[in-house]
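Chain letters run A, B, ... following the sequence lines, proteins first and then strands; every chain starts at 1. Worth knowing before you read on, the calculation uses all heavy atoms, side chains too, and leaves out hydrogens, waters and symmetry mates. All figures in this text were calculated on a predicted structure; none of them were measured in a lab.
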Amino acid sequence: MRDYEKSGVLTKKELPHPSKRQLEKGVAILECIQEIPCNPCVDSCPVHAISMKDINAPPINDFNKCIGCTKCVGICPGLAIFVVKVKDRKAWITLPYEFVPVPKVGDIMKAVDRTGTVRGDALVKKVVKSGKTMVITIEVNSSLAMDVRNIRVGP
Amino acid sequence: MRIRDHPIIDFKKRKKLRFCYKKKQLVGEEGDTIASALHAAGVKTLTRSVKYESPRGFFCGIGKCSSCLMRVNGIPNVRTCIAPLKEGICVEMQDKLADLPDAKFYGKPKKMLTVNVLVVGAGPAGLCAAIESATHGATVLIVDENQVVGGQLVKQTHKFFGSMQERAGTRGIDIAKELEQELRKLQNEGKITVMTDSTVIGCYESKKKHRFGVVERYDYKSRLYEVLCDTVILACGAMENMLLFPGNDLPGVYGAGAVQTLMNVYGVKPGDRVLMIGAGNVGLIVAYQLLQAGIKVDRVVEAAPTIGGYHVHAAKLRRCSVPIQTSHSIKEIYGDEKVKGAIIVQLDEHWKPIENTEEDIKCDTICLAVGLTPSTRLLSQIGVELQFIPEAGGYVALHDDSMQTSVKGVYVAGDASGIEEASTAMIEGKIAGLAAAIQLGCTKNKGLLDRYRKELACLRAGPFGEKPRIAKQKIAKLVEAQHA
């Protein structure tokens, strides 16, 4: 039994680590590690960076090919794709969001990690509609780049 | 209790409808069922137990159980969870066992309908079966108990998994709309007849064709039809399971799917604070949808040592601060007339409660997401061979790889043939619909049939497809043994 099967929370050891250079250009982190029959992310990728052996295999992102375009973020049915870009002391995280009210550019929200714990502030930089899913880019401290995966209003 | 603001569903302002309950005037909205209107008005107790007089609310929310039966305009045993609300109706609680109704049918008795294919159930499997049969030239009648077609797709606000060819990435509610469009097109061309708010009540003796009785409801009364068909496809779906513990019949204890119907179809909040029992995909998805409707989810409790549903669904909940407690179960629910809270308990490796690990959780709503049982009563009445297969969720009809049961011309598809996903139900529906058309001589396209079978095998190939894979293998072996 692996920890995430009990907790519902992935740890860094289960996820691939992009290099500093890859993070500087921005890459998609696919937090989808189980064998489930699903493939829309593969079709959504304009540069064919995302691949899978068959429909049940977990997707793999080639960080060298990935251009961090965020198309896959709003497509993934599991809301499990995040684009992370890091430069100097800042990090920009693009995440899927399906709650109301929809935050506006310039709003300051709470930056939340995979366990729902508040880790700092998030400045909303971009809000794009992908169907009914909002694809939101936030700016956080670079130390939180691989931890923050959600935003919320209030405490 | 009404949900006005929602990230996925556009709840438009609807016309107000007045109705009478316990000599008081209440107000519902157009599109409500009687139960959803009562719920929105704060009435959760709909019946009382015949034996213990304890209060009961609805449980399944989709017309499959009997906990919402009320008297409407003097007519007893109306399933208020699926009966439409109408202006000026009078709703009453029944005095335990209802008085015998006036047994007259509405309109002329026994209208006769003759078709090639009768499809029972207009969910994902039934719709795909009907569309497939009609596209290949068969005349089709599709019957469903609900006001609208789409089955349980109409409440699935999340994007579906699966392959891009099979609409992955599309929300269930949108798939329902797409399938309905295809259905209406064929209906306009005269290839399909659609009967909603209607029930197939039974199969009757007949020399050549299959003969069924169908009642269509009209103003809570029934009109009787006799349907003669060459083949029948039963896509009756499934019903949510109940768990045994004290307090499980209190109003406020619902099947998770019932809560999903209440909030996503009728826009009514089930309560303010919910405890979810079961961390399979249904439990995880409905818990997330409760958050989307602005309802607090206290936690998700799961008896198994691991989360049963997809990790991605669990992760969505966790990053919204909802705890998931594995190796925990519900011990009892307390409250007088409605749920006030629940006691949960930790389980050891043998699934036995560990002493002194009880925890009191204050909540007004409990959702049970503890599996489903295939709806096979009509199949059983027809006399097809049923077998108990745990991996399929209970008794299921034995069927071949064309979805045909032990009775010639009787097909099954979707959850009624073993509990699985909507994506696989749609393909099973296509297989049954096409196989029926081939049997009728409308088409010879066996190549397409093989393609559908391959798609189905592909979706079941992964570890999450293990249970249905085992179920279908067991069914195939039993069928093979019979033919040997």
- Pick one of side chain, backbone, both or neither for A:L10, based on which atoms fall under 4.5 Å of a heavy atom in chain B. both

- Checking heavy atoms, do the side chain of B:H311, its backbone, both or neither come under 4.5 Å from chain A? both

- Heavy-atom distances under 4.5 Å only: say whether A:C41 touches chain B with side chain, backbone, both or neither. neither

- Query: For A:V9, is it the side chain, the backbone, both, or neither that has a heavy atom closer than 4.5 Å to a heavy atom of chain B?
  - Reply: both

- Message: Quick check on the interface: out of A:M134, A:E31, A:R114, A:E98, who has the most heavy-atom pairs with chain B under 4.5 Å?
- Response: A:E98

- Could you state the interatomic distance from CZ (B:R451) to CD1 (B:I427), rounded to the nearest 0.5 Å? 9.5 Å

- Quick check: are there more than 12 heavy atoms from other residues, nucleotides or ligands sitting under 6.0 Å from CZ of A:R21? no

- Is it the case that B:R171 and A:T133 place a side-chain donor and acceptor less than 3.5 Å from each other? yes

- Message: Do B:Q325 and B:V300 make a side-chain contact, defined as non-hydrogen atoms from C-beta onward lying under 4.5 Å apart?
- Response: no

- CD (B:E302) and CG (B:L284) are apart, to the nearest 0.5 Å, by 8.5 Å

- Item | For A:L15 against A:L30, the heavy-atom pair lying closest together | CD2-O, 4.1 Å

- Item | Atom group of B:L317 that falls short of 4.5 Å from chain A, counting heavy atoms | neither

- For A:S7, is it the side chain, the backbone, both, or neither that has a heavy atom closer than 4.5 Å to a heavy atom of chain B? both

- Item | Inter-chain contacts: residues 265-282 of chain B against chain A, heavy atoms under 4.5 Å | none

- Give, as side chain, backbone, both or neither, the part of A:R149 having an atom under 4.5 angstrom from any heavy atom of chain B. both

- Under 4.5 Å to a heavy atom of chain A? For B:Y310 that would be both

- Message: For A:L79, which atoms come within 4.5 Å of any heavy atom of chain B: side chain, backbone, both, or neither?
- Response: both

- Message: Report which part of A:D43 has an atom under 4.5 Å of a heavy atom belonging to chain B: side chain, backbone, both, or neither.
- Response: side chain

- Structural part of A:Q34 lying under 4.5 Å from a heavy atom of chain B: side chain

- With chain A, which of B:S163, B:G169, B:A315, B:A168 has the greatest number of heavy-atom pairs at distances under 4.5 Å? B:S163

- Quick one: are A:I138 and A:M109 in side-chain contact, heavy atoms under 4.5 Å? no

- Message: Tell me the closest heavy-atom pair linking A:Y4 and A:E14, and the distance in Å.
- Response: CD2-OE2, 3.4 Å

- Query: Out of A:P77, A:C32, A:C76, which one racks up the most heavy-atom pairs below 4.5 Å with chain B?
  - Reply: A:P77

- Message: Can you tell me which of B:G465, B:S321, B:A314 forms the most heavy-atom pairs within a distance under 4.5 Å of chain A?
- Response: B:S321

- B:S327 versus chain A, heavy atoms under 4.5 Å apart: side chain, backbone, both or neither? side chain

- Message: Looking only at the aromatic ring of each residue, does the gap between the centers of B:H6 and A:F99 stay below 6.0 angstrom?
- Response: no

- Any donor-acceptor pair under 3.5 Å linking the side chain of A:D88 with the backbone of A:K90? no

- Query: Does any donor atom in the side chain of B:T157 or B:Q289 lie under 3.5 Å from an acceptor atom in the other side chain?
  - Reply: yes

- Task: Go through the side-chain N and O atoms of B:Q156 and B:Q260 and say whether any donor and acceptor fall under 3.5 Å apart.
- Result: yes

- Would A:T70 and A:K126 count as having a side-chain donor-acceptor pair, cut-off 3.5 Å? no

- A:S19 and A:Q22 side chains, donor-acceptor separation under 3.5 Å: yes

